[in-house]
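Beneath this line is the structure, given in structure tokens, with notes to follow.
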Number of protein chains: 2
Amino acid sequence: MYKIEFSDFFSSAFSVDCLIFGFTEGKIKTLLIKRSIEPYKDYWAIPGDLVYPDEDLPLAAERILRELTGLTNVQMHQAHTFGSPSRHPQGRVITIAYYALVRIEELSIKASSWADEVRWEPVLEVGDLAFDHNEILEATFDRLNKQLSIEPICFELLPEKFTLNEFQQLFEYSKGIPFDKANFRKKIKGIPLVKHTEKQTNVKHRPANLFSFNTCKELDRLEENEWAFKM
Amino acid sequence: MYKIEFSDFFSSAFSVDCLIFGFTEGKIKTLLIKRSIEPYKDYWAIPGDLVYPDEDLPLAAERILRELTGLTNVQMHQAHTFGSPSRHPQGRVITIAYYALVRIEELSIKASSWADEVRWEPVLEVGDLAFDHNEILEATFDRLNKQLSIEPICFELLPEKFTLNEFQQLFEYSKGIPFDKANFRKKIKGIPLVKHTEKQTNVKHRPANLFSFNTCKELDRLEENEWAFKM
DNA sequence: GCAAAAGTGTTTGGATTACACCCATGC
DNA sequence: GCATGGGTGTAATCCAAACACTTTTGC
């Protein structure tokens, strides 16, 4: 019935790649590592590795991210699967992309295992990466952008306390177009924000107010179907 | 560096599952096959099979759908990948879900290979399926529903000529809520439809007008960024 | 005072909602 | 005639875009 023996189907490997996105200085950035081993030694790459044959995918994604960058407690979501027969020089390796959103300032990352260095690179400025990682990054960033428009996940990228301008810049980078300040602020009126008494410091203009998301309130309302996030 | 030999990673198999969605009688339906072989012999299942170690994923999806159901020329899109180590009783098999939208009336399907029967089943009424196929169906139907709201793919589900009521019913089934007829028709004013002189027949009430989508015009406008589909 | 960015108000036109009403067909 | 769904109009309301304006800080 099959053109090969049934047992010969069990000859492939698979890997996960972890696309970690953060936001600073008005740009969405992604975490890259420098490979210290072949293939693609000394190339920059998305953190990723082979999955053990008895390992579940989400756990593998956590483990691999931790081993290469030291990051823990990062909630990852599955994106696209890439399976071109020629994408890996050492055999058939299907890779499943996972992505996560993090607050860059709250993290300490450090290269380990076979990662020589780690770096945050603005998504729109990355150069040539190992394997088909440019394609993977592009597809996953597209997906992130779509998600940002329909689900309240921008909260995970912004710092704990942020200005409304930073909030706006995040969406401007995501969509690639500038927004009108007044209209943007009217639009987000429906989102439950907490205003702090504390203000921005060390700026040579009028200091902006700092806000946080009221996560509890927001989740309550989501459950009650009182609002649909839409940007 | 690894806990097992490098070569031992190459011991997994992977499959694709093809979720084919259609729309008739006011319901979105999916194509199921009855398995004639173990495991899960005589269970209903999503059409799917193992991918050859040197075969590309999209081509495998086409081949497998053709072998089991006779369907050809169906454009498939990748959805989620399911990889729980215990999901297949005969070894580690990762499965990648692909989905497609088709016009049921234009197709002739017939069971072949190890499929005993094929059947169109309303998505919201399917019973227990083989493997983790209920989970796969649910996740993929969710994804389809989201896509229906943001991209003009409803065209692929409706018959070539359709009534505005059928159009409305498709979205009502997708969202699970009824719409106001007059308002629905105002909303779709922006979509380029062609009205036929021909009308509905064999109904015991006033016959409805038949419409088709003006695909060319629609694509032109998409390219010019003149409209964003939103339902 | 001036530059720079924070922050707000007003107008306008287009979309969304709720609801009522008329029309064509089979029986 | 009447049941059944097809098809349309209106008024109230909400929302988004465009744009101008005021405020607060550092220098």
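Any value given below was found using the heavy atoms of this structure, including those in side chains, with hydrogens, waters and symmetry copies removed. Bear in mind that the values here come from a model prediction, so they are computed numbers and not experimental data. Naming convention: chains lettered A, B, ... in sequence-line order (proteins, then strands); numbering from 1 in each chain.
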Taking any atom under 4.0 angstrom from a heavy atom of chain A, which nucleotides of DNA chain C are the first and last to qualify, 5' to 3'?
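Contacts span C/dA4 to C/dT10, reading 5' to 3'.
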Please identify each residue that fulfils side chain to side chain donor-acceptor pair (under 3.5 Å) with B/Gln168, with sequence neighbours left out.
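If we apply the side chain to side chain donor-acceptor pair (under 3.5 Å) test to B/Gln168, skipping adjacent residues, the hits are B/Glu172.
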Side chain to side chain donor-acceptor pair (under 3.5 Å) involving A/Lys161 - partner list, sequence neighbours excluded
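If we apply the side chain to side chain donor-acceptor pair (under 3.5 Å) test to A/Lys161, skipping adjacent residues, the hits are A/Glu198.
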Is the shortest side-chain N/O distance from B/Asn209 to OP1 or OP2 of D/dG6 below 4.0 Å?
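No.
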Under a 4.0 Å heavy-atom cut-off, which of residues 195-207 of chain B touch DNA chain C?
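Within residues 195-207 of chain B, the residues near DNA chain C are B/Val203, B/Lys204, B/His205, B/Arg206, B/Pro207.
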I need the residues from residues 158-174 of chain B with at least one non-hydrogen atom less than 4.0 Å from DNA chain C; give them sorted by number, or say none.
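DNA chain C contact set from residues 158-174 of chain B: none.
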Spacing of B/Leu193 atom CG relative to D/dG7 atom P, expressed in whole Å:
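For the pair B/Leu193 CG and D/dG7 P, the rounded distance is 12 Å.
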Under 4.0 Å, counting only non-hydrogen atoms across every strand here, what does A/Lys187 touch: a base, just sugar-phosphate, or nothing?
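Since no nucleic acid heavy atom lies under 4.0 Å of A/Lys187, the category is nothing.
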NA contact type, B/Ala208, heavy-atom cut-off 4.0 Å: base, sugar-phosphate, or nothing?
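Touches sugar-phosphate only.
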Does the separation of the ring centres of B/Phe213 and B/Phe167 fall below 6.0 angstrom?
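Yes, close enough.
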Give the intermediate values and the outcome of salt bridge (charged side-chain N to carboxylate O under 4.0 Å, His left out) for residues B/Glu62 and B/Arg66.
CA-CA 6 Å; B/Glu62 268 180 54; B/Arg66 174 169 35 79; over 6 Å; no
Name each donor-acceptor pair under 3.5 Å that joins a side chain in residues 199-211 of chain A to protein atoms two or more places apart or in another chain, with its distance.
unit_1   : atom_1 : unit_2   : atom_2 : d
A/Lys199 : NZ     : A/Asn209 : OD1    : 2.7
A/Gln200 : OE1    : A/Ala208 : N      : 2.9

Using the side-chain contact (heavy atoms from CB on, under 4.5 Å) definition, which of the options A/Ile20, A/Ile136, A/Val126 pairs with A/Ile46?
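Running side-chain contact (heavy atoms from CB on, under 4.5 Å) over A/Ile20, A/Ile136, A/Val126 with A/Ile46 returns exactly one hit, A/Ile136.
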So does B/Lys181 reach the base of D/dG7 with its side chain, donor to acceptor, closer than 3.5 Å?
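A donor-acceptor contact between them is present.
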